Amino acid sequence: MDSFDVVVIGAGAAGMMCAIEAARRGRSVLVIEHGFAPGEKIRISGGGRCNFTNLGAGPANYLSENPRFCISALKRYTQRDFIAMVERHGIAWHEKTLGQLFCDGSATQIVDMLVTEMKRHGAVLRLGTKIDTVERRDAEFILTGPVGQWRAQSLVVACGGLSIPKMGATGFGYDIARQFGLRIVQPRPALVPLTFTPEMLESLKPLAGVSVDGAAVRCGKTRFQEAILFTHRGLSGPAILQISSFWRGGEEIAVSMLPQTDVYATLRQARADNGRQAPQTALSTLLPKRLAQAVVERQAITGTMGDLSDKRLRTIEAAVNDWRIVPAGTEGYRTAEVTAGGVDTQNLDSRTMQARDVPGLFFIGEVVDVTGWLGGYNFQWAWSSGWSAGQAA
Ligand code: FDA
């Protein structure tokens, strides 16, 4: 049986960062990954350019049953620390929008950087390796798989969440947590497209591909203003993905497609200027043509602008700027960028990520009940939590 000071399960963003830090401290480190390549989610992230952090990342950008849990790790290892590492490796980057930082080149540069750092500090990476069982014997952890057995003083669980099962996501991290008596906050798909009911889909399916920039989407008191996109199944786009993390089944969301525009005043003016104009033509000065058409049809509006009363104009305005929808559901883990919920932070030390009642057992990254907004916040959590555990494991 091979022995290591630290065994990390999962060669994703968090696991690799933790391995680098623990190895840098002189610990012998093994990273076990069941996939055949490290950092697969990093590689496909940000459309292949990896939105690796956000300049404004702070506790307010994360969801958790305990919103304060992430404060310590985010302070100890900040976005500036990660940017410095990226720059040391000569990786060019740019800010796209809203503080979101992307590689100029390719996301594989980030994976290569992490693998290089692991090697430099002597961390060992085993790919294509499965673990069947984890046990605790005396003060050590024994990991057993079909091809071997490993002994570790510290076990770091960095298996990620359930999102994108075809990329190797498993619930193994939650299983280990339960085995050691830690509570799991019910996992759910987050940063995920929302779906329409069959009735809505029938009339809105022709809009697939239409997008609106700067729409505002609200669920309860939470509001995001970014683009929305109509899909074959419902709604997507950054504003929808953001709100999906806050949305729970059966709740209503309100969409304002033109939050900066007084639609009623604009339509009144259009009616005064040209009463013979079709309502969809007037509306298409504000919205994409197909969408303008759908709004008018869904409100059963007929005739010309001149035929429409102020009340009818108010109806159009509400359809555009206060569109209430109860989504049928989400597209689920198949397309969700992340999994919300996970290992209950009450069970963990916020400075080290170590389980309070199981010395030597650590949980980092997405497996923990800390979920970032869209925009580089999830990777920052992976770096910060991974770095923090790496100082203690
Ligand atoms: P991650 O999932 O990265 O790694 C877990 C690792 O554990 C995987 O390699 C997995 O194969 C391995 N594993 C699982 N079970 C195992 C087992 N039983 N045995 C051994 N290994 C096991 N975030 C962001 O901030 N900016 C972005 O641009 C994007 N873009 C993006 C695009 C897409 C399509 C997705 C799906 C997600 C994003 N994200 C993102 C989210 C981001 O990818 C995610 O939050 C981090 O990868 C989480 O890092 P972790 O290391 O915690 O898990």
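Note that this is a predicted model, so its numbers are computed, not measured. Excluded from the calculations below are hydrogen atoms, water molecules and symmetry mates; all remaining heavy atoms, backbone and side chain alike, are included. Atoms within each ligand, like the ligands themselves, are counted from 1 in listed order.
Using a 4.0 Å cutoff on heavy atoms, Ile131 does not count as a contact of ligand 1. Ala158 counts as a contact of ligand 1, since one of its heavy atoms falls under 4.0 Å from the ligand. Taking 4.0 Å as the cut-off, Glu33 counts as a neighbour of ligand 1 on heavy-atom distance.
Nearest to atom 23 (N) of ligand 1 by heavy atom, out of Phe379, Tyr333, Phe52, is Phe379. Distances from atom 17 (C) of ligand 1 to the heavy atoms of Met17, Arg126, His34 put His34 nearest. In this comparison of Arg43, Gln380, Glu337, the heavy atom closest to atom 39 (N) of ligand 1 sits on Glu337. Considering Gly145, Gly375, Ala14 only, the shortest heavy-atom separation from atom 50 (P) of ligand 1 involves Ala14.
At least one N or O atom of Gly46 sits closer than 3.5 Å to an N or O atom of ligand 1.
By the criterion of a heavy-atom distance under 4.0 Å, the side chain of Val338, and not its backbone, is placed next to ligand 1. In Phe172, the part holding a heavy atom less than 4.0 Å from any atom of ligand 1 is the side chain. Contacts between Val367 and ligand 1, counted as non-hydrogen atom pairs separated by less than 4.0 Å, are absent for every part of the residue. Only the side chain of Ile164 comes within 4.0 Å of ligand 1, counting heavy atoms alone; its backbone N, CA, C and O stay farther away.
Of the options Glu297, Gln293, Lys289, a side chain to side chain contact (heavy atoms under 4.5 Å, CB included) to Gln280 is made by Gln293 and by none of the others.
Side-chain contact check for Glu21 and His121: no donor-acceptor pair (N or O, by modelled atom type) lies under 3.5 Å. Between the side chains of Gln277 and Thr281, no donor-acceptor pair is found at a separation under 3.5 Å. Remark: the Arg27 side chain and the Gln153 side chain contain an N/O donor-acceptor pair separated by less than 3.5 Å. Thr231 and Ser236 share no donor-acceptor pair across their side chains, judged by distance under 3.5 Å alone.
Protein heavy atom in closest approach to atom 1 (P) of ligand 1: Gly12 CA, 4.2 Å. For atom 45 (O) of ligand 1, the nearest protein heavy atom (residue, atom name, distance) is Glu366 OE1, 3.1 Å.
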Result block: side-chain N/O donor-acceptor pairs under 3.5 angstrom for residues 165-179, not counting sequence neighbours:
unit_1: Thr170; atom_1: OG1; unit_2: Phe172; atom_2: N; d: 3.2
unit_1: Gln179; atom_1: NE2; unit_2: Val134; atom_2: O; d: 2.5

Contacts under 3.5 angstrom, residues 202-216 side chains, donor-acceptor by atom type, not counting sequence neighbours:
unit_1: Ser203; atom_1: OG; unit_2: Met200; atom_2: O; d: 3.3
unit_1: Ser203; atom_1: OG; unit_2: Arg298; atom_2: NH1; d: 2.6

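Taking the six-membered ring where the residue is Trp, Trp373 and Tyr377 present perpendicular rings, their angle passing 60° and hence far from 30°.
A salt bridge between Arg80 and Glu87 is absent, with no side-chain N of the basic residue lying under 4.0 Å from a carboxylate O of the acidic one.
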